[in-house]
Amino acid sequence: ARQKTSLRSVFWAVKETFDRCSKRKTEEKASAIQYLMSHDIFSKQIKVGNSDVDALVASVLYSKQGIQQGRTLVEGLRFATQKGQKYETFRGLIDRVRAHCNA
């Protein structure tokens, strides 16, 4: 027999998931900013905006490893910078982190 799910229970389940993801996104963003400020990652001074950091956070949170394994952004950044490589653009860093987290 098929179990009926009330609209209310679906709403609360979705809301709980959204709140949990929103909280994690805020935490990841704070740790990303801290990591970026404390490490020499770029070959030149670049301007980084809020939308850039949001894209970096999303590249991990919504990646294969981020969803399945709970991979954190700092783990992705550590991988992307482990050999001391420098990036000329923020997009280059995002692409490297995304590629690693979707492997």
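From a predicted model like this one, the values you see are computed outputs, not experimental measurements.
- When hydrophobic clusters are built by joining Ile, Leu, Val, Met, Phe, Trp and Tyr residues whose side-chain heavy atoms come closer than 4.5 Å, directly or via intermediates, Ile33 is grouped together with Leu61.
- Shown here for Arg24 and Arg71, the closest heavy-atom pair between the two residues is NH2-O, 2.6 Å.
- Closest heavy-atom contact between Val97 and Ser59: CG1-OG, 3.8 Å.
- Considering only residues two or more places apart in sequence or on other chains, Glu27 meets the salt bridge (Lys or Arg N to Asp or Glu O under 4.0 Å) condition with Lys23.
- Residue-environment remark: CD (Gln69) exceeds the threshold of 12 foreign heavy atoms within 6.0 Å.
- Within the 4.5 Å cutoff, no side-chain heavy atoms of Thr89 are placed close to those of Ile46.
- Cluster membership for Met37 and Leu77, using ILVMFWY side-chain heavy atoms within less than 4.5 angstrom, is shared.
- Arg96 meets the salt bridge (Lys or Arg N to Asp or Glu O under 4.0 Å) test with no other residue; sequence neighbours excluded.
- Nearest approach of Glu88 to Ser43, heavy atoms of both residues: CG-OG, 3.2 Å.
- Between Phe42 and Tyr87, the ring planes lie perpendicular to each other; the angle is over 60°, past the 30° to 60° tilted range.
- Here the straight-line distance linking atom CZ of Arg78 with atom NE2 of His100 works out to 11.5 Å at 0.5 Å rounding.
- Without hydrogens or angle criteria, Lys86 side chain to Lys44 main chain gives no donor-acceptor distance under 3.5 Å.
- In this structure, the side chains of Gln34 and Val74 stay at 4.5 Å or more apart for every pair of heavy atoms.
- No more than 12 heavy atoms of other residues, nucleotides or ligands sit less than 6.0 Å from atom NZ of Lys64.
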Inset, instruction - Show your reasoning for whether side chain to side chain contact (heavy atoms under 4.5 Å, CB included) applies to Tyr35 and Leu56. - result: CA-CA 12 Å; Tyr35 189 93; Leu56 181 63; over 6 Å; no
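- A distance-only check finds no donor-acceptor pair linking the side chain of Ser22 to the backbone of Phe18 [under 3.5 Å].
- Side-chain contact between Trp12 and Arg8 is present, with at least one heavy-atom pair separated by less than 4.5 Å.
- Scanning all heavy atoms of the two residues, the minimum distance from Gln85 to Ala80 falls at CD-O, 3.1 Å.
- The minimum heavy-atom distance between Cys101 and Ser63, with the atom names listed, is CB-OG, 3.3 Å.
- Under a 4.0 Å N-O distance rule, the pair Lys47/Asp52 does not qualify as a salt bridge.
- Formation of a donor-acceptor pair under 3.5 Å by the Glu28 side chain with backbone atoms of Leu73 is found in this model.
- Linking ILVMFWY side-chain heavy atoms closer than 4.5 Å, directly or via other members, places Phe79 and Val53 in two distinct hydrophobic clusters.
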